[in-house]
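The residues of the chain are indexed from 1 along the displayed sequence.
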Amino acid sequence: MAKILIIEDEAAIRRVLKKIISEENNSYEVEEAEDGLAGIEMIKNTDYDLVLCDIKMPKMDGVEVLEKAKKIKPETPMVMISGHGDLDTAVNTMRLGAFDYISKPPDLNRLLNTVRNALDRKELVVENKRLKKKVGKNYEMIGESDAITHIKEIIEKVSGTDARVLITGPNGTGKELVAHWLHEKSERSKAPMVEVNCAAIPSELIESELFGHVKGSFTGANKDRAGKFEAANGGTIFLDEIGDMSLSAQAKVLRALQENKISRVGSDKDIKVNVRVVAATNKDLKKEIAEGRFREDLYHRLAVILIEVPALNDRREDIPLLVKFFAEKISEEQGMPKKKFADDAIKQLQEYDWTGNIRELRNVVERLLILGEKEVSKNDVKLFASK
């Protein structure tokens, strides 16, 4: 049931609006406020799916109501009601975040279309938030060690900017989690984050993958194709294992960073792109530069902010939290009964040499959930997690 609030100082207009909306759909729950002050109090205390608000009112005008409401409940769509002389103000309210405006006296079709569209928008916003929360859980960074706390602090400082970030660390430490957190906490989170595993793409195809190609530019190019940079426009591109990228592709990435433009393979036409670049590598790029395998100018373009993700052996105090998280997540995903890990089992896991880092720990937890007793014991760990 959609909840709608009408803020209007003229009782006759309130009655007309309520009648029209209620008759359109009897599942709508319509409430009224006689002025802006009363309306703001109701918005504070109730989650409305839509607010219709007059512009000219005593005590608090509609523009002020809009500004306050957007701070209290930013996701609630606001439709402004304007008199003939208020049209310029009504248009200005759109810049302030209003969903739309309708003129007095309200046109029946215009009013109902606006209400339907605004409610659809609210439903979409709520669904996106739910999905984003779900996605966020998948990329949650687990741990309270000094190293992880430091990374979280850097992300909080950096995520609101467009600064390029280079994430380093051994394989399996969760570098992609850092990249996802950077994106999801940024202003670009509504746009896509596009991931490219540079190590998994053959060197002869990496340029086409990143920048696209035009038909006939090489054997197998049967049609024009956009690349990952274009797909990430407005959002973030995550270049994982960038140390494995060919020198020719590095040169094109450098140009994209310098000029915010790319060109597809086989084309001279420039395409403007607006992307934030986050890169990751398990290699020592300074050593790669010294040996001529990585461009120094590209390194300095990428490494505006450096984040080093520690090996699991360097954050053993996080293992109890990680085991609990993986055990619950795997049980939920696979419909397996939940199991508790005994304290001595956790201590045994903390003593292991985790060369495969977080990825290896997750595999071991899954194995213990399948093969271990109802409460996973130290003996289970010795039997099934040994190397």
Side-chain angles (χ1 to χ4, degrees), residues 154-155 157-169 175-176 178-214 217 225-309:
I154 292 176
I155 290 173
K157 291 177 181 176
V158 173
S159 58
T161 74
D162 274 343
R164 298 180 196 114
V165 180
L166 178 63
I167 307 164
T168 61
K175 296 186 290 295
E176 70 281 1
V178 177
H180 276 274
W181 265 52
L182 281 164
H183 175 72
E184 289 189 15
K185 287 178 171 289
S186 75
E187 295 296 320
R188 294 176 176 266
S189 61
K190 293 176 184 176
M193 173 173 166
V194 177
E195 299 180 56
V196 183
N197 186 334
C198 301
I201 303 168
S203 58
E204 64 271 16
L205 295 178
I206 186 71
E207 290 181 43
S208 169
E209 189 72 18
L210 290 173
F211 310 112
H213 60 253
V214 296
S217 54
R225 180 177 176 274
K228 301 295 189 184
F229 268 83
E230 287 179 73
N233 197 36
T236 304
I237 188 166
F238 175 44
L239 302 176
D240 197 9
E241 303 303 348
I242 196 168
D244 292 282
M245 184 181 287
S246 68
L247 286 168
S248 61
Q250 288 176 36
K252 285 199 169 186
V253 169
L254 179 64
R255 179 179 180 246
L257 300 186
Q258 288 172 328
E259 302 176 16
N260 293 321
K261 62 177 70 167
I262 57 103
S263 57
R264 294 180 180 180
V265 175
S267 171
D268 295 327
K269 182 184 175 184
D270 287 334
I271 300 170
K272 294 286 287 182
V273 289
N274 172 21
V275 297
R276 182 188 195 175
V277 176
V278 177
T281 183
N282 64 345
K283 292 187 174 183
D284 180 346
L285 289 188
K286 290 190 175 178
K287 182 181 177 184
E288 296 294 301
I289 291 167
E291 295 178 1
R293 291 190 293 267
F294 201 84
R295 295 181 63 115
E296 186 173 12
D297 47 4
L298 177 57
Y299 172 81
H300 290 300
R301 287 278 178 179
L302 292 171
V304 177
I305 303 292
L306 275 167
I307 296 179
E308 184 175 355
V309 184

* Asked: Donor-acceptor pair, Arg188 side chain versus Gly235 backbone, under 3.5 Å?
  -> yes
* Flag for Arg255-Asn260: side-chain donor and acceptor within less than 3.5 Å -> no
* To do: Determine, step by step, whether Leu257 and Leu302 satisfy the side-chain contact (heavy atoms from CB on, under 4.5 Å) criterion, reporting the C-alpha distance in whole Å, the side-chain angles of both residues, the deciding distance to 0.1 Å, and the verdict.
  => CA-CA 9 Å; Leu257 300 186; Leu302 292 171; 3.9 Å; yes
* Asked: Can you tell if the side chain of Leu210 reaches within under 4.5 Å of the side chain of Leu239, non-hydrogen atoms only?
  -> yes
* Asked: Does a side-chain N-to-carboxylate-O contact under 4.0 Å join Arg225 and Glu209?
  -> yes
* Could you tell me whether the side chain of Glu288 and the main chain of Phe294 form a donor-acceptor pair under 3.5 Å? => no
* Asked: For atom NZ of Lys269, is the number of surrounding heavy atoms from other residues, nucleotides or ligands below 6.0 Å larger than 12?
  -> no
* Lys252 side chain vs Phe211 backbone, donor-acceptor pair below 3.5 Å -> no
* Could you walk me through whether Arg293 and Leu247 pass the side-chain contact (heavy atoms from CB on, under 4.5 Å) test, one step at a time? => CA-CA 7 Å; Arg293 291 190 293 267; Leu247 286 168; 5.8 Å; no
* Do the side chain of Arg276 and the main chain of Ala163 share a donor and acceptor less than 3.5 angstrom apart? -> yes
* Asked: Is the number of heavy atoms from other residues, nucleotides or ligands within 6.0 Å of CD (Glu176) greater than 12?
  -> yes
* Asked: Donor-acceptor pair, Ser267 side chain versus Arg264 backbone, under 3.5 Å?
  -> no
* Sub-4.5 Å side-chain heavy-atom contact between Ile289 and Tyr299 -> yes
* Asked: Minimum heavy-atom separation for Val278 to Ala179, with atom names?
  -> CG1-CB, 4.0 Å
* Sub-3.5 Å donor-acceptor pair from the side chain of His183 to the main-chain atoms of Ala191, do we have one? -> yes
* **Main-chain N/O of Ile167 paired to Glu308 side chain as donor or acceptor, under 3.5 Å** => no
* Would you mind checking if Lys286 and Asp284 are paired as a salt bridge, meaning a charged N to carboxylate O distance below 4.0 Å? => no
* Does a donor on one side chain and an acceptor on the other come within less than 3.5 Å for Glu207 and His213? -> no
* Asked: Is the backbone N or O of Val158 less than 3.5 Å from a side-chain atom of Thr161, with the two atoms forming a donor-acceptor pair by type?
  -> yes
* Asked: More than 12 heavy atoms of other residues, nucleotides or ligands under 6.0 Å from CD of Glu187: is that the case?
  -> no
